[in-house]
2 protein chains.
Amino acid sequence: MNKKQLLEFVHQAEALCKQRKCRLTDQRKRVLELILSAEKPLTAYEILDQLRESVKNPAPPTVYRALEFLLQHGLIHKLESIHAFIGCTHPDHKHTSQFLICNDCGDVNEIENKAIEKSLHSAEQAAGFKTSHPVIELLGTCSQCQLSNSH
Amino acid sequence: MNKKQLLEFVHQAEALCKQRKCRLTDQRKRVLELILSAEKPLTAYEILDQLRESVKNPAPPTVYRALEFLLQHGLIHKLESIHAFIGCTHPDHKHTSQFLICNDCGDVNEIENKAIEKSLHSAEQAAGFKTSHPVIELLGTCSQCQLSNSH
DNA sequence: AAACAAAATGTTATAATATTACATTTTATA
DNA sequence: TATAAAATGTAATATTATAACATTTTGTTT
Ligand SMILES: [Zn+2]
Ligand SMILES: [Zn+2]
Ligand SMILES: [Zn+2]
Ligand SMILES: [Zn+2]
């Protein structure tokens, strides 16, 4: 994400928080910016390292608290299979999504596939199960890396 | 899983390993038994604790190595979202599966839903993505707990 | 059977991820 | 301004996972 997109995105986050009467404090904003600026998903401790440049003595709770807030408000997602965090591409509306995670380049593609969601919902219904948090992460190789690998 | 089922299951695992020319050693078998005997998914360190009864000074690598073997041969599954392991309900054939994980009682239901798999496959195709390891875990409330909770 | 190589296990240490507990500061609002 | 709630600071610790190297066991060749 480039500088302009970043500013725009953070602006949107600020607007959302104002609307929801929650506070996107400097620290939370800083963590969000770090995540959005990164090419790849960041782990909590990678964020912690990068925070040292803008915060004096950041400790794990500093990061984990900010992450918790950002997760709660749908501004970021946690990728359970790789213990890392990425920005949400459309935080304005509630949604479930699926993630295509490339093992080769680390890139992640967040998709919102209605057919997948429908099939999951059917299975839930059949089992009488009420899902509160779906974890749908496909680990594999992205199209770019498939090309590179075959050369 | 009761004692009889356990024996049967372990017997099947032994047969599979023999067929595949890999060794289900005593330790590996012990770890498998612990996982199969448990009511709920076990974490690596829960297994480690329980191993103390049959092994003298078990250390983390003892458990993680056994888990790695059992995972490789499809005898168990790892639940990424809760860092825990469960026995596979049908290790005889290669498969991808989905897990319904109850946050209330901890129970896990492994399903193999073709509609879900088909929808995932379509999405992968559309993105040109080649999945090697799908992580499909639905966290929520099982039907039993929904009933209990509403009382 | 003896020699050898490969596989499995033992052992110690450490890395990586995440939370608890309690003190202090900042912010909102009465 | 007083108060309570929210956010942050700080130190310690818990939990999950791996690295590195020594030793033992197993399977295979001679
Ligand atoms: Zn999203
Ligand atoms: Zn890639
Ligand atoms: Zn299975
Ligand atoms: Zn339940």
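Because only heavy atoms are used, hydrogens play no part in the values below, and waters and symmetry mates are left out as well, while side chains stay in. None of the values given here were measured: they were computed from a predicted structure. Per chain, numbering begins at 1; letters A, B, ... match sequence-line order.
Between the side chains of A:T96 and A:E117, at least one donor N or O sits under 3.5 Å from an acceptor N or O. In this structure, a donor-acceptor pair under 3.5 Å is present between the side chains of A:E110 and A:H95. Of the N and O atoms on the side chains of A:E137 and A:S81, at least one donor lies less than 3.5 Å from an acceptor on the other residue.
Remark: A:K40 NZ is packed, more than 12 non-hydrogen atoms of other residues, nucleotides or ligands lying under 6.0 Å away.
Atom CG of B:L67 and atom P of C:dT9 are 12 Å apart (whole Å). B:Q72 has its CD atom 13 Å from the C1' atom of C:dA7, to the nearest Å. Here D:dT18 presents its P atom at 14 Å from CG of B:L48, a figure rounded to the nearest Å. Summarising the geometry, the separation between CZ on A:R65 and C1' on C:dA18 is reported as 13 Å, rounded to the nearest angstrom. Atom CG in B:L42 sits roughly 13 Å away from atom P in D:dA17 (whole-Å rounding). Rounded to whole Å, the distance from CD on A:E46 to C1' on C:dA18 is 15 Å. We find that CZ of A:F85 is positioned 10 Å from P of C:dT17, with the value rounded to whole Å. Following rounding to the nearest Å, B:L24 (CG) and C:dA7 (C1') show an atom-to-atom distance of 15 Å.
Residue B:R23 has its side chain nearest to C:dA7 when only D:dT10, D:dA17, C:dA7 are considered.
Within the 4.0 Å cut-off from OP1 or OP2 of C:dA16, not a single side-chain nitrogen or oxygen of A:H83 is found. For the OP1/OP2 pair of C:dT9 and a distance below 4.0 Å, the side-chain nitrogens and oxygens of B:T25 include at least one atom meeting the criterion. Residue A:R28 has a polar side-chain atom (N or O) positioned under 4.0 Å from OP1 or OP2 of D:dT8. Contact annotation: A:K21 does not reach the phosphate of D:dA5 (side-chain N/O to OP1 or OP2, under 4.0 Å). Dashed line: the shortest gap from a side-chain N or O of B:T43 to OP1 or OP2 of D:dT15 is not under 4.0 Å.
Of the two residues near DNA chain D, A:P60 and B:K78, the one whose nearest nucleotide lies more 5' is A:P60. When the nearest nucleotides of DNA chain D are assigned to A:C22 and B:P61 by heavy-atom distance, the more 5′-ward of the two goes with A:C22.
Under a 4.0 Å N-O distance rule, the pair A:R30/A:E33 qualifies as a salt bridge.
Under 3.5 Å, the side chain of B:Y64 and the base of D:dA19 form no donor-acceptor pair of N or O atoms. At a cut-off of 3.5 angstrom, the base of D:dA14 holds no donor-acceptor pair with the side chain of B:Y45.
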